[in-house]
Number of protein chains: 2
Amino acid sequence: MKIEAHEVERRVETFKAAVQEAGLKLTHQRLEVFRELASSADHPDAHGIYDSVKHRLPTVSLDTVYRTLRTLSDLGLINMLGTAGESIRFDANTRKHHHFVCVNCGLVRDFENEELSALQVQEDLVGFGRVLETQIEVRGICNDCRNKS
Amino acid sequence: MKIEAHEVERRVETFKAAVQEAGLKLTHQRLEVFRELASSADHPDAHGIYDSVKHRLPTVSLDTVYRTLRTLSDLGLINMLGTAGESIRFDANTRKHHHFVCVNCGLVRDFENEELSALQVQEDLVGFGRVLETQIEVRGICNDCRNKS
DNA sequence: CTCCTAATTAAGAATCATTCTGATTTAGGG
DNA sequence: CCCTAAATCAGAATGATTCTTAATTAGGAG
Ligand SMILES: [Mn+2]
Ligand SMILES: [Mn+2]
Ligand SMILES: [Zn+2]
Ligand SMILES: [Zn+2]
């Protein structure tokens with residue numbers, strides 16, 4: 001599942017600016033890793049990104065992919081998604097959004113909803129801490145999995 | 001953070017019934033692993049449970065803890081929580097509830113809210129699949145972490 | 001443009017979480 | 001009290017991620 005080209009380019013420009021701003025070097029590896037993730041709506045893991053990037057940079061190492069993804073996460077350019085048992089998955093969509101997760105095959109898809117994103121839950125959490133963000137995870141069975149069973 | 005004794009015993013009774021029902025053996029190991037998790041509000045990982053259970057069953061193996069937790073999850077008696085990069089965490093609270101997660105130290109706490117639990121998101125997800133459940137994750141900074149910084 | 005150097009990378013070793021294997025033990029039915 | 005399938009234990013294996021070290025390179029200075 002691909003992201004539209006102009007959105008990818010917007011993300012890449014943001015990435016380049018952030019790399020400059022942070023005083024980091026703009027390497028082929030960083031550019032290709034980020035572009036690969038920014039082009040995908042699939043929330044891939046490090047190994048999936050590695051496989052794709054290797055088509056364009058055949059000598060790239062898996063370690064560099066991991067290191068780059070961590071760097072990008074530290075810069076706030078991408079997010080890391082927790083999964084129970086599976087490998088970490090990454091997300092270059094930095095807009096406020098939510099996730100549909102297929103409990104059968106692990107597919108993850110974004111959705112946006114103003115009403116949900118506007119939810120206020122602060123009052124319920126007095127005693128735990130300060131709220132930074134609220135995200136909704138919808139679990140279900142994706143259409144592909146449903147058709148197969 | 002402990003769960004009240006009568007709630008723990010209620011959970012243990014449910015566990016015993018489910019183990020019988022499934023035709024599984026009620027071993028010391030299974031009982032102690034379940035009781036340890038059912039007594040905690042901390043959403044511990046397998047190693048944390050192992051360390052605690054070892055006080056009462058000094059010869060228990062880490063493998064048995066992992067195997068037991070997977071069995072309990074298959075029975076629907078506990079849930080596994082995805083975390084980005086850290087080890088899997090477990091939850092014996094099977095009521096519909098949501099989570100506050102400290103982005104600094106990883107603390108996870110339950111909260112319930114009827115309004116949030118009643119959320120209907122189906123209409124937004126036409127095209128992805130069939131919705132089974134909706135859970136909210138609130139990220140923030142817990143009070144302990146806030147006081148330290 | 002060339003040179004320099006600190007930052008970055010590649011490769012493989014190391015580490016950590018989790019699962020598997022095979023021999024031993026045990027729950028619970030008869 | 002036996003028997004046996006199920007469960008456990010210990011340690012090896014696997015898979016994901018990080019670390020170490022030597023080689024490479026981006027980008028600034030001259
Ligand atoms: Mn996303
Ligand atoms: Mn919980
Ligand atoms: Zn699916
Ligand atoms: Zn905290």
Side-chain angles (χ1 to χ4, degrees), chain A residues 15-34 36-37 43-51 53-75 77-90 106, chain B residues 15-37 43-75 77-90 106:
Chain A
F15 153 80
K16 286 180 178 173
V19 166
Q20 301 282 0
E21 171 66 24
L24 299 175
K25 292 183 177 177
L26 181 56
T27 62
H28 295 307
Q29 289 89 340
R30 284 176 175 158
L31 179 59
E32 293 302 333
V33 167
F34 181 80
E36 178 59 33
L37 182 59
H43 304 79
D45 65 8
H47 210 287
I49 294 167
Y50 170 67
D51 287 342
V53 167
K54 212 159 37 169
H55 292 149
R56 271 161 287 148
L57 293 178
T59 68
V60 74
S61 73
L62 182 55
D63 177 63
T64 293
V65 174
Y66 273 107
R67 194 166 9 81
T68 299
L69 290 167
R70 184 158 293 273
T71 301
L72 295 173
S73 176
D74 291 345
L75 290 175
L77 292 167
I78 68 174
N79 289 115
M80 305 187 359
L81 273 60
T83 57
E86 300 164 66
S87 44
I88 302 173
R89 298 175 69 160
F90 298 89
Chain B
F15 153 79
K16 286 180 178 173
V19 165
Q20 302 282 0
E21 172 67 23
L24 300 176
K25 294 183 175 176
L26 183 54
T27 62
H28 297 306
Q29 290 89 342
R30 282 175 177 159
L31 180 57
E32 294 302 332
V33 166
F34 181 79
R35 188 191 296 282
E36 178 59 34
L37 182 59
H43 303 79
D45 65 8
H47 211 286
I49 294 168
Y50 170 66
D51 286 343
S52 301
V53 167
K54 215 162 30 171
H55 292 150
R56 272 160 288 150
L57 294 179
T59 67
V60 74
S61 73
L62 181 57
D63 177 61
T64 293
V65 174
Y66 272 107
R67 196 165 9 79
T68 299
L69 290 167
R70 184 158 292 274
T71 300
L72 295 173
S73 175
D74 291 345
L75 289 175
L77 292 166
I78 68 175
N79 288 113
M80 307 188 356
L81 274 60
T83 56
E86 300 164 65
S87 44
I88 302 174
R89 297 174 71 160
F90 299 89

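In what follows, chains are A, B, ... by sequence order, proteins preceding strands, each numbered from 1. What's counted below: heavy atoms across the whole structure, side chains too, no hydrogens, waters or symmetry copies.
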Worksheet item: Atom CG of Leu62(B) and atom C1' of dA7(D): how far apart are they, to the nearest Å?
Response: 16 Å

Worksheet item: Tell me, do Ile88(A) and Thr83(A) make a side-chain contact under 4.5 Å, heavy atoms counted?
Response: no

Fill in: Rounded distance (nearest 0.5 Å) linking atom CD of Glu32(B) with atom OG1 of Thr68(B)
11.5 Å

Worksheet item: Rounded to whole angstroms, how far apart are CZ on Arg30(A) and P on dA26(D)?
Response: 11 Å

Worksheet, complete the sentence: From CE of Met80(B) across to C1' of dT18(C) the rounded distance in Å is 11 Å

Discussion item. I want to verify a distance call: between dT9(C), dA7(D), dG28(C), whose nearest atom is closest to the Leu24(B) side chain?
Written reply: dA7(D)

Item to complete: Give the nucleotide from the list dT18(C), dG27(D), dT19(C) with an atom nearest to the side chain of Leu26(A).
Response: dG27(D)

Worksheet entry | Selected nucleotide, minimal atom distance to Asp63(B) side chain, candidates dT18(C), dG11(D), dA5(D) | dG11(D)

Fill in: Between dA16(D) (P) and Ile88(B) (CD1): distance, integer Å
13 Å

Item to complete: Would you mind telling me which of dA10(C), dT9(C), dT18(D) lies closest to the side-chain atoms of Val60(A)?
Response: dA10(C)

Worksheet item: Start at the 5' end of DNA chain D and walk down; is the nucleotide closest to Tyr66(A) or to Ser61(B) reached first?
Response: Ser61(B)

Discussion item. Go nucleotide by nucleotide along DNA chain D from the 5' end; which of Arg67(B) and Gly85(B) gets its closest nucleotide reached first?
Written reply: Arg67(B)

Worksheet item: Rounded to the nearest Å, what distance is computed from the CZ atom of residue Arg89(A) to the P atom of nucleotide dG15(D)?
Response: 19 Å

Discussion item. In the structure I gave you, are the side-chain heavy atoms of Tyr50(B) and Val60(B) within less than 4.5 Å of one another anywhere?
Written reply: yes

Fill in: Side-chain N or O of His28(A) closer than 4.0 Å to phosphate OP1/OP2 of dT8(C)
no

Practice prompt. Report the distance from atom OH of Tyr50(A) to atom C1' of dA16(D), rounded to the nearest whole Å.
Written response: 14 Å

Practice prompt. Answer yes or no: does a side-chain N or O of Thr27(B) lie under 4.0 Å from OP1 or OP2 of dA6(D)?
Written response: no

Practice prompt. Rounded off to whole Å, could you give me the CG-to-C1' distance for the Leu31(A) and dT8(C) pair?
Written response: 15 Å

Practice prompt. Hey, which sits more toward the 5' end of DNA chain C by its nearest nucleotide, Val19(B) or Asp45(B)?
Written response: Asp45(B)

Fill in: Salt bridge Asp63(A)-Arg67(A), side-chain N to carboxylate O under 4.0 Å
yes

Worksheet item: Given side chains that start at C-beta, do those of Leu69(B) and Ile78(B) come closer than 4.5 Å, heavy atoms only?
Response: yes

Worksheet item: Taking the side chain of Gln29(A) as heavy atoms from C-beta outward, which of dA6(C), dT18(C), dT9(C) is closest to it?
Response: dT9(C)

Discussion item. For dT9(C) and Thr64(A) - does any side-chain N or O of the residue sit under 4.0 Å from the phosphate oxygens OP1/OP2?
Written reply: no

